Structure formats: C-alpha cells, structure tokens
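The structure under discussion appears below in the form of structure tokens.
Residue numbers run from 1 in the order of the sequence given. It should be emphasised that the depicted structure is a prediction, and the values quoted were computed from it without experimental measurement.
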Amino acid sequence: MNLEGRDIISIEDLTKVDLDKIFSVSEKMLPLAKQSSDICKGRILANLFFEPSTRTRMSFESAMYRLGGSVIGFADSQVTSAKKGEVLSDTIRMAASYSDIIAMRHPSEGAARVAANASDAPVINGGDGGHQHPTQTLLDMFTILKEKGTIEGLKIGLFGDLKYGRTVHSLAYALSLFPKVKIYCISPSQLKMPEYVQNQLAVKNIDVFEHEEIEKVVPELDVLYATRIQKERFGSEKEYFDVKGRNIIDNKIMALGKKDMILMHPLPRVDEIAYEVDNDPRAVYFKQAAYGLPVRMALIALLLGSVK
C-alpha cells in the first residue's frame with residue numbers, strides 16, 4: 001500500500017495492510033535510529049506544537065534529523081501569530097509553504113483534521129485534545145510486536161484514564177484490526193471508556209470487559225497498558241482529586257501478573273506506576289518511548305515517498 005502524500009489524522013485512516021507496511025519499514029529503521037542517513041536529505045519537517053510535549057516533539061525532530069532532513073517550527077503557541085488572532089488554517093497554509101511535511105499537536109479535538117484540509121503537505125497528527133494520537137498508537141503496537149512477537153489473540157488491559165486518554169482510544173481502534181484480541185478496560189466509573197469507542201469495538205466483534213479493581217484482572221493479562229490521569233482535561237479540581245491516586249501499580253500488583261506480561265505507559269507518568277516497578281524487567285515503558293524514533297522515521301519517509 002502506497003502511503004505517499006497521505007495525512008495521518010486518526011488511526012482509523014489506516015488499514016491492517018498499512019499497519020503491516022509501517023511496522024515493516026520501522027524494523028528497517030531500527031539500526032538507522034542510532035546513526036545518520038540521507039533518506040530524506042533536503043526535505044523539511046514543520047513541527048508545530050500548540051500544546052506542551054516532550055517525547056513526541058523531540059521524537060519527530062530526531063526522526064527527521066536521523067533521516068537527513070531539517071526541522072522548523074515551534075513548541076509554544078504563545079510565540080506565534082495565533083497570539084495575534086491568526087486562525088489555525090492560515091497558520092497551516094503558511095507552514096505548508098515552508099515545508100514538505102507537518103507534524104502537529106493541538107489541544108482542540110478536530111484541529112488536526114482542519115490542518116489537513118488546509119495543507120498541501122502531508123499532516124501527521126501528534127495528538128488533538130482527547131481525540132486521537134495515532135503515532136503513539138503505532139509505536140505502542142510496534143512495542144507489543146517486538147516484545148510479544150504478535151498482537152493476535154493477546155489479552156490487553158487498558159488502565160487509568162480511559163475517558164480522556166486519547167492514546168487508549170487510538171490503541172483500542174487499532175487493536176480491533178487484529179483477530180481474537182480481548183480488551184480489558186480498568187478504570188474508576190468516572191473515567192470509563194466512552195460509549196462511542198466501545199460501540200466501534202462491538203461492531204468489530206472485539207470482546208471488551210470492564211473492571212474497577214486492577215487486582216482482579218491483572219493475572220489474566222498479556223499486556224497491561226497504563227495511562228496518566230490527565231488533570232488538564234477535567235472540568236474541576238474536585239473531579240480530578242476524586243480519582244487521583246486510585247489503583248497505583250506497584251510491586252504487589254506486578255507480582256499478580258504473568259511472568260511474561262509486559263507493562264506499558266505512554267509517559268509522562270505521575271503516580272499511577274510506583275518507581276519501584278522500574279526495576280521489573282516486564283516494565284517496558286522507556287523502551288516503548290525509544291521505539292517512537294524508528295516508527296516516526298518510517299512514517300515520515302513513507303509519507304514523503306522516500307521509501308516504498
């Protein structure tokens with residue numbers, strides 16, 4: 001499947017064939033992630049981050065530099081013409097005229113789609129509000145493939161903020177493309193997986209189970225994917241403090257899990273995973289973040305048509 005020139009706004013833009021292609025190229029990018037190449041020499045990435053980010057922004061930048069290209073952009077919308085009242089579509093049109101491809105994060109759901117409609121250059125959604133974060137999903141799935149050898153038939157627990165967590169929404173959609181996957185949603189009732197996500201999983205005949213207490217379900221899991229409870233998405237501080245700190249994953253919880261279970265997290269963590277767990281070989285969240293580099297290298301090269 002040719003991905004050249006396409007926008008990646010939602011994980012639902014991608015088929016199973018697309019995912020397999022991206023993972024195949026990501027595998028080839030693994031050795032290049034430690035050295036320079038000229039695969040995208042002369043090409044420019046506009047890295048437009050209207051919302052704070054560390055890993056995603058740096059990962060996109062590093063990916064383009066490792067491919068031999070250049071990067072322009074900003075990490076603070078307050079230093080752009082948006083502060084003067086410029087609308088998003090105008091900012092994107094200008095950025096597209098200066099670059100070959102755009103990576104963007106924005107606090108508003110739907111902003112990435114607006115950008116794609118305004119841009120002549122391919123747009124990659126680096127996260128739009130509580131909507132989706134497709135490149136995070138790609139690296140999450142690549143991590144599962146590398147660590148477990150397959151995705152098919154796995155029992156995968158999604159833990160934490162499933163209401164506002166765009167990473168778990170995107171991951172759930174992508175997992176539905178793989179046969180016999182079972183998804184276990186583990187969260188306080190206030191942070192349940194939204195019905196519209198669950199409805200889409202039901203259409204794909206994916207088995208979904210809901211739990212509030214992690215102890216009861218962790219022994220069954222092949223993968224436990226934890227997320228941060230996102231204070232910035234809550235309507236009030238009271239709502240946040242009602243759920244903050246519930247069901248922390250510590251060594252006692254990990255002791256209940258299978259010996260080959262892996263623990264993932266998109267980072268940053270706050271208090272949902274105790275630091276003592278870092279020494280457990282099943283904790284792969286830092287390795288998971290590192291996989292973002294070859295995956296984003298693959299995606300940039302494919303969208304620019306630099307690899308086929």
Side-chain angles (χ1 to χ4, degrees), residues 1-23 25-26 43-51 53 55-57 59-61 63-64 71 73-74 77 82 87-97 99-142 164-177 194 196-197 199-201 203-204 230 233 266 292 295-305:
M1 181 62 67
N2 187 5
L3 288 163
E4 183 176 358
R6 288 173 56 179
D7 303 304
I8 305 298
I9 305 306
S10 163
I11 199 68
E12 295 166 278
D13 295 336
L14 299 170
T15 65
K16 174 74 163 45
V17 174
D18 294 330
L19 294 177
D20 289 341
K21 179 67 178 179
I22 293 167
F23 298 145
V25 176
S26 299
R43 314 302 291 274
I44 297 174
L45 166 73
N47 215 22
L48 312 181
F49 276 66
F50 294 83
E51 187 180 60
S53 166
R55 274 154 297 278
T56 303
R57 181 177 58 80
S59 179
F60 272 117
E61 289 182 3
M64 193 51 160
V71 179
F74 52 83
S77 63
V87 298
L88 176 63
S89 58
D90 284 358
T91 302
I92 297 300
R93 285 190 180 95
M94 292 308 303
S97 69
S99 63
D100 300 292
I101 188 168
I102 294 172
M104 187 183 88
R105 169 168 290 189
H106 199 283
S108 301
E109 297 180 15
R113 191 70 70 186
V114 171
N117 291 337
S119 174
D120 294 328
V123 173
I124 304 173
N125 181 9
D128 58 335
H131 181 222
Q132 285 217 14
H133 192 353
T135 62
Q136 178 67 46
T137 300
L138 292 172
L139 76 88
D140 291 342
M141 300 189 78
F142 188 65
Y164 299 108
R166 57 194 173 199
T167 59
V168 288
H169 300 167
S170 295
L171 182 57
Y173 289 138
L175 290 172
S176 71
L177 298 176
Y196 67 86
V197 178
N199 290 340
Q200 292 209 34
L201 297 177
V203 169
K204 301 283 184 63
Q230 302 178 77
R233 310 273 183 223
V295 169
R296 292 189 171 104
M297 289 172 69
L299 198 57
I300 291 170
L302 284 164
L303 297 185
L304 288 176

Name the orientation class of the two ring planes belonging to F50 and F74 (parallel below 30°, tilted from 30 to 60°, perpendicular beyond 60°).
->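 Perpendicular: the ring planes of F50 and F74 meet at over 60°.
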Can you name the residues that form a ring pair (Phe, Tyr, Trp, His ring centres under 6.0 Å) with F23, not counting sequence neighbours?
->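 If we apply the ring pair (Phe, Tyr, Trp, His ring centres under 6.0 Å) test to F23, skipping adjacent residues, there are no hits.
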side-chain hydrogen bond (donor to acceptor under 3.5 Å, both in side chains) with S59: which residues, sequence neighbours excluded?
-> R296
Quick one: side-chain hydrogen bond (donor to acceptor under 3.5 Å, both in side chains) partners of R43, sequence neighbours excluded?
->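 None.
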Can we say D18 and R6 salt-bridge, meaning some charged N sits less than 4.0 Å from an Asp/Glu carboxylate O?
->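 Yes.
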Is the shortest heavy-atom distance from the side chain of [X] to the side chain of [Y] under 4.5 Å?
X	Y	value
V203	N199	no
R55	P266	no
K16	D20	yes
L299	L138	yes
L177	L14	no

Intermediate values then yes/no, side-chain contact (heavy atoms from CB on, under 4.5 Å), I8 and N125 = CA-CA 6 Å; I8 305 298; N125 181 9; over 6 Å; no
So with a 6.0 Å cut-off around CG of N117, is the heavy-atom count from everything else above 12?
-> yes
[X] side chain vs [Y] backbone, donor-acceptor pair below 3.5 Å:
X	Y	value
D7	I9	no
S119	A116	no
D100	I44	yes
D13	S10	yes
S26	I22	yes

Can a side-chain donor-acceptor contact be found between [Y] and [X] if the only test is distance below 3.5 angstrom?
X	Y	answer
R105	T56	yes
E12	Q132	yes
Q136	D140	yes

I would like to know whether R57 and V71 meet side-chain contact (heavy atoms from CB on, under 4.5 Å); could you show each step before the answer?
-> CA-CA 11 Å; R57 181 177 58 80; V71 179; over 6 Å; no
Which is it for I124 and T135 under the side-chain contact (heavy atoms from CB on, under 4.5 Å) test, yes or no, and what are the steps along the way?
-> CA-CA 8 Å; I124 304 173; T135 62; 3.4 Å; yes
Run the numbers on L302 and E4 for side-chain contact (heavy atoms from CB on, under 4.5 Å), then give the verdict.
-> CA-CA 6 Å; L302 284 164; E4 183 176 358; over 6 Å; no
